[in-house]
Student: 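Have a look at this one.
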2 protein chains.
Amino acid sequence: MNTVEAIFEATIQVLISDGPGDLTTTRVAERAGVSVGSLYQYFPNKQALFHAVNERYLTMLAERVEAACLAHRGARYAEMADALVSTYIAVKIERRDVTIALYRAAAEVDVAEIVEAMSQRIEAASQAMFTTASDAKFANLSTVNVMMLNVLCGTVRNVFERDMSELLIDGGLRTQLTLMFCTYLDAAKFPPSEA
Amino acid sequence: MNTVEAIFEATIQVLISDGPGDLTTTRVAERAGVSVGSLYQYFPNKQALFHAVNERYLTMLAERVEAACLAHRGARYAEMADALVSTYIAVKIERRDVTIALYRAAAEVDVAEIVEAMSQRIEAASQAMFTTASDAKFANLSTVNVMMLNVLCGTVRNVFERDMSELLIDGGLRTQLTLMFCTYLDAAKFPPSEA
DNA sequence: TCAAAACCTGAAGAATCCTTCTTATTTTCA
DNA sequence: TGAAAATAAGAAGGATTCTTCAGGTTTTGA
């Protein structure tokens with residue numbers, strides 16, 4: 001394994017086992033099996049390393065969601081909602097420990113910028129998808145779309161941070177969130193469905 | 001002002017201006033206009049101070065939500081949803097800087113316990129309220145209720161941390177979240193409304 | 001082959017930070 | 001009033017941490 005790769009992985013492992021408060025250059029180097037000096041050969045400082053790890057993870061997340069949105073253009077809106085929710089949760093659940101570790105570390109000001117950038121990528125991809133829904137047009141899609149993504153990201157984070165395993169393993173979160181989005185989208189449909 | 005009170009307020013101010021990473025006993029004492037020695041007269045260590053500040057804030061939040069839930073028993077479920085959303089957002093928006101500062105500081109393991117305890121208080125109060133809805137019974141209220149609160153807490157946090165001012169000032173967050181809950185509750189109603 | 005470049009090492013400097021402890025001041029209350 | 005208790009002050013100890021640097025080892029490529 002590459003030295004840089006080892007450092008990346010070690011950073012995540014330290015984050016998982018010791019938390020962001022105990023993420024020290026010494027510990028990362030030790031875990032990566034290299035010296036502190038080597039670490040500073042590739043990263044100008046601790047902050048840069050931390051930034052890189054977060055950027056990598058969030059970029060991967062954004063790409064996966066973008067791909068899913070692209071793949072569901074022209075589908076029915078209920079399928080779109082399910083795809084969005086399912087993909088997002090799937091990525092997050094794939095490496096649960098990493099997900100939780102990075103959620104905890106997200107407090108740093110530095111990370112906020114990355115989160116913002118990736119949020120906008122995802123929002124754009126999602127909105128582009130819903131615009132092509134085969135069975136509905138939406139009145140104020142922009143607002144609705146922003147809401148859904150805030151709800152999706154926020155709720156998933158909350159569930160992970162509270163470690164509500166039941167909701168994750170039995171798919172309850174996915175099912176309920178999809179249902180919620182479907183009813184919400186239905187209400188935003190244009191022209192409105194007669195009730 | 002009390003010394004303890006001054007220390008509490010100073011802690012929040014340091015959290016707001018310098019962030020949780022630079023929350024030092026020296027800085028807090030300085031800002032509070034007391035010596036470090038005095039700080040340690042009231043709190044055994046920095047952690048305890050931090051814990052106390054968070055507990056105080058979250059307890060207040062829980063109490064306000066509980067009161068709102070109690071006040072809306074027997075109402076229509078749409079009104080309940082609005083009350084829940086409105087109250088929660090109102091409390092969070094009242095002192096926006098404090099809200100944001102504590103969100104950022106919530107990464108500490110110590111805080112997770114308090115968050116969990118308060119979440120359960122709020123969940124219980126909310127469920128008790130929705131049980132008394134005058135215009136509907138809900139099939140699996142427990143699941144629906146847990147979902148709504150995760151969505152509420154998660155989404156609001158997301159919006160604050162991303163600093164999406166538009167959604168807060170024009171009431172868009174409140175309106176949309178309430179609408180989403182109403183459509184969701186409507187789908188969970190028993191017996192189901194004919195579509 | 002062999003010099004230059006790249007890479008690695010780990011001790012040490014410089015800067016903080018948490019916490020304690022001794023001393024001083026103020027308040028309590030008998 | 002006056003002594004005991006409570007409160008306050010802030011310098012200093014002890015422990016970490018980030019980062020640099022001088023000097024080795026390995027790889028490259030001509």
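Chain A is the first sequence line, chain B the second, and so forth, proteins listed ahead of strands; every chain is numbered from 1.
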Student: Whole angstrom is fine here: how far is it from CG in B:Leu39 over to P in D:dA11?
Tutor: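 Rounded to whole Å, this separation is 16 Å.
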Student: Hey, which sits more toward the 5' end of DNA chain D by its nearest nucleotide, B:Gln41 or A:Asp22?
Tutor: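 Its nearest nucleotide lies further toward 5', so the answer is B:Gln41.
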Student: Quick one: ring pair (Phe, Tyr, Trp, His ring centres under 6.0 Å) partners of A:Tyr77, sequence neighbours excluded?
Tutor: A:Phe138
Student: Indicate yes or no: does B:Arg96 engage B:Asp163 in a salt bridge with an N to O separation below 4.0 Å.
Tutor: yes
Student: Find the bend of the helix from C:dT1-D:dA30 to C:dA30-D:dT1 as the angle between its two terminal axes (five pairs each), to the nearest 10°.
Tutor: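 The angle, to the nearest 10 degrees, is 10°.
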Student: Identify the two heavy atoms, one from B:Thr99 and one from B:Lys92, that lie closest to each other, and give their separation to 0.1 Å.
Tutor: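 Shortest heavy-atom separation between B:Thr99 and B:Lys92 comes out as OG1-O, 2.6 Å.
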Student: Calculate the interatomic distance between B:Glu30 atom CD and D:dA8 atom P; express it in whole Å.
Tutor: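 The distance from CD of B:Glu30 to P of D:dA8 comes to 18 Å, rounded to the nearest Å.
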Student: Could you write out each protein N or O paired with an N or O of nucleotides 18-20 of chain D at a distance under 3.5 Å?
Tutor:
unit_1, atom_1, unit_2, atom_2, d
D:dC18, OP1, A:Lys46, NZ, 3.0
D:dC18, OP2, A:Thr25, N, 3.0
D:dC18, OP2, A:Thr25, OG1, 3.1
D:dT19, OP2, A:Tyr40, OH, 2.5
D:dT19, OP2, A:Lys46, N, 2.9
D:dT19, O5', A:Tyr40, OH, 3.2

Student: Describe, in one word, how the ring planes of B:Phe43 and B:Phe8 are oriented to each other, choosing from parallel (under 30°), tilted (30 to 60°) and perpendicular (over 60°).
Tutor: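 Ring orientation of B:Phe43 relative to B:Phe8: perpendicular.
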Student: For B:Phe50, which residues count as a ring pair (Phe, Tyr, Trp, His ring centres under 6.0 Å) partner, sequence neighbours excluded?
Tutor: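 Once residues adjacent in sequence are excluded, B:Phe50 has no partner under the ring pair (Phe, Tyr, Trp, His ring centres under 6.0 Å) criterion.
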Student: Below 4.0 Å from chain B heavy atoms, what is the first contacting nucleotide of DNA chain C and what is the last?
Tutor: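 Boundary nucleotides touching chain B, in 5' to 3' order, are C:dC17 to C:dT20.
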Student: Do you see a donor-acceptor pair shorter than 3.5 Å between the side chains of B:Glu116 and B:Gln120?
Tutor: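 Looking only at side-chain atoms, B:Gln120 and B:Glu116 do form a donor-acceptor pair, the distance falling under 3.5 Å.
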Student: List the atom of B:Ala125, the atom of B:Glu66, and the distance in Å for their closest heavy-atom pair.
Tutor: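 Minimum heavy-atom contact is CB-CG, 3.8 Å.
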Student: Taking ring pair (Phe, Tyr, Trp, His ring centres under 6.0 Å) as the definition, give me every residue that meets it alongside B:Tyr88, ordered by chain and number, with sequence neighbours left out.
Tutor: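 Listed in chain order: nothing, the list is empty.
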Student: So, A:Glu108 and A:Lys46, do they make that salt bridge, N to O below 4.0 Å?
Tutor: no
Student: Would you say B:Thr183's side chain and B:Met180's backbone share a donor-acceptor pair under 3.5 angstrom?
Tutor: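 Yes, B:Thr183 side chain to B:Met180 backbone: donor-acceptor pair under 3.5 Å.
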Student: Under 4.0 angstrom, heavy atoms only, what part of the nucleic acid is A:Phe43 near: base, sugar-phosphate, or nothing?
Tutor: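 Nothing, no nucleic acid heavy atom in range.
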